[in-house]
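All remarks here apply to the structure that follows.
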Amino acid sequence: LKKELMQLKNVETITLDGRKVELAGNIGTPQNAENVMHNGGEGVGLFRTEFLYMDNDNLPTEEQQFNAYKEALEKMEGRPVVIRTLDIGGDKKLPYLPIGDEMNPFLGYRAIRLCLDRKDIFKTQLRALFRASVYGNMKIMFPMISSLQELREAKNIVEEVKAELRNEGIPYSDDVQIGIMIEIPSAAVISDILAKEVDFFSIGTNDLIQYTIAADRMNEKISYLYDPFHPAVLRLIKMVIDNAHKEGKWVGMCGEMAGDPKAIPVLLGLGLDEFSMSASSILRARKLIRNLKFEDAKRVADEVLNLGTGEEIRKYVEENIK
Ligand code: PEP
Ligand code: MG
């Protein structure tokens, strides 16, 4: 089986009837990019940059960050690499950056909220990113966007950073796409509006599911509620994909759901353009998609949107996708 999968390393991810999608890897360090390449990844759909901040006693310097981003871009040899700006807070705390006790850390001071408040931290990261951008095909993504104001503010800071680099004569790429994670229901609901001001979306189902169902993704007592196939979750995903496509923008997914063989046919049918998952899941996903018809997947996706429970949806998918 391993050998059979390895034969799919350098082939396209395309359905029997010709719908092409991109299979990318999620990485947590630049070294992980090697694993994505080894497993036939067509890009990196999520580079979680937290490691730079977690494995450190201080905020990482611009130079440290620049080297890490450059390394990931070079390892991917020109393939797209989506780098997510700092997503600290929630369950991820930094000893050297006390943010105080919070009643609900997952609803608290984290990710883009912290970055817009601590512009110094944000600008250091953006400078490092843009300096690295000339070494590959880099895209930037903001986590935890809940409103249009946050997106605009973040983009303004991007423009400030670019102007500074220009003034200093430091080269950067002008083709860096700017996208956002859709992982908060408010963002999904206004995705028609957000789509006009981004280059792409990436759906973060790990958080989107917990916020949509109000079910803590870490709490085992209520894990039965945390269901990627909850009809509300699927309807939000559909809304996000349709709204992006209406504006001619592409949509990826970088939550766990993107690598789930049961979910892939539905996501494909809903029109998802890019699937980002752990490197070890990529070849299996490619095999699955190459054996599907897009037309069948679309029919199944249409049908399950009318079903009332996750259980019914799973059953329908199992019975109708061979
Ligand atoms: C997500 O929320 O789906 C996601 C990819 O981000 P993280 O798991 O890092 O919160
Ligand atoms: Mg998230």
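All ligand and atom numbering here is 1-based and tracks the order in the structure.
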Return yes when at least one N/O/S atom of Asp87 is nearer than 2.8 Å to the Mg ion (ligand 2), and no when none is.
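It does not: Asp87 brings no N, O or S atom closer than 2.8 Å to the Mg ion (ligand 2).
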Where ligand 1 meets Leu46 - atom numbers and elements under 4.0 angstrom, heavy-atom basis
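Within the 4.0 Å cut-off of Leu46, ligand 1 contributes 5 (C).
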Provide the atom name of the closest N, O or S atom of Asp207 relative to the Mg ion (ligand 2).
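Of the nitrogen, oxygen and sulfur atoms in Asp207, the Mg ion (ligand 2) lies nearest to OD2.
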How close does the nearest protein non-hydrogen atom get to atom 7 (P) of ligand 1, and which residue and atom is it?
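Here the nearest protein heavy atom works out to Arg48 NH2, 3.5 Å.
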Distance from atom 6 (O) of ligand 1 to nearest protein heavy atom, with residue and atom:
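Going atom by atom, the protein heavy atom closest to atom 6 (O) of ligand 1 ends up being Arg84 NH1, 3.0 Å.
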Tell me which one of Arg48, Arg110, Arg113 satisfies salt bridge (charged side-chain N to carboxylate O under 4.0 Å, His left out) with Asp87.
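Among the candidates, only Arg110 passes.
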Is the shortest side-chain N to carboxylate O distance from Glu12 to Arg290 below 4.0 Å?
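So Glu12 does not pair with Arg290 through a salt bridge.
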Would you call Asp175-Lys139 a salt bridge at under 4.0 Å N-O?
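Between Lys139 and Asp175 there is no salt bridge, as every charged N stays at least 4.0 Å from the carboxylate O atoms.
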Hey, does Arg110 come in under 3.5 Å of ligand 1, counting only N/O atoms on both sides?
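In fact, backbone or side chain, Arg110 has no N or O that close.
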Look at ligand 1 and say whether Met181 reaches it with a heavy atom at a distance under 4.0 Å.
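The answer is yes, since Met181 has a heavy atom less than 4.0 Å from ligand 1.
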Touching ligand 1 at all, Gln210? Heavy atoms, strictly under 4.0 Å?
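No; Gln210 lies far enough from ligand 1 that no heavy-atom distance drops under 4.0 Å.
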Could you check whether [Y] and [X], counting side-chain N and O atoms only, form a donor-acceptor pair closer than 3.5 Å?
{"X": "Gln177", "Y": "Trp250", "result": "yes"}
{"X": "Glu220", "Y": "Tyr226", "result": "no"}
{"X": "Gln65", "Y": "Tyr69", "result": "yes"}

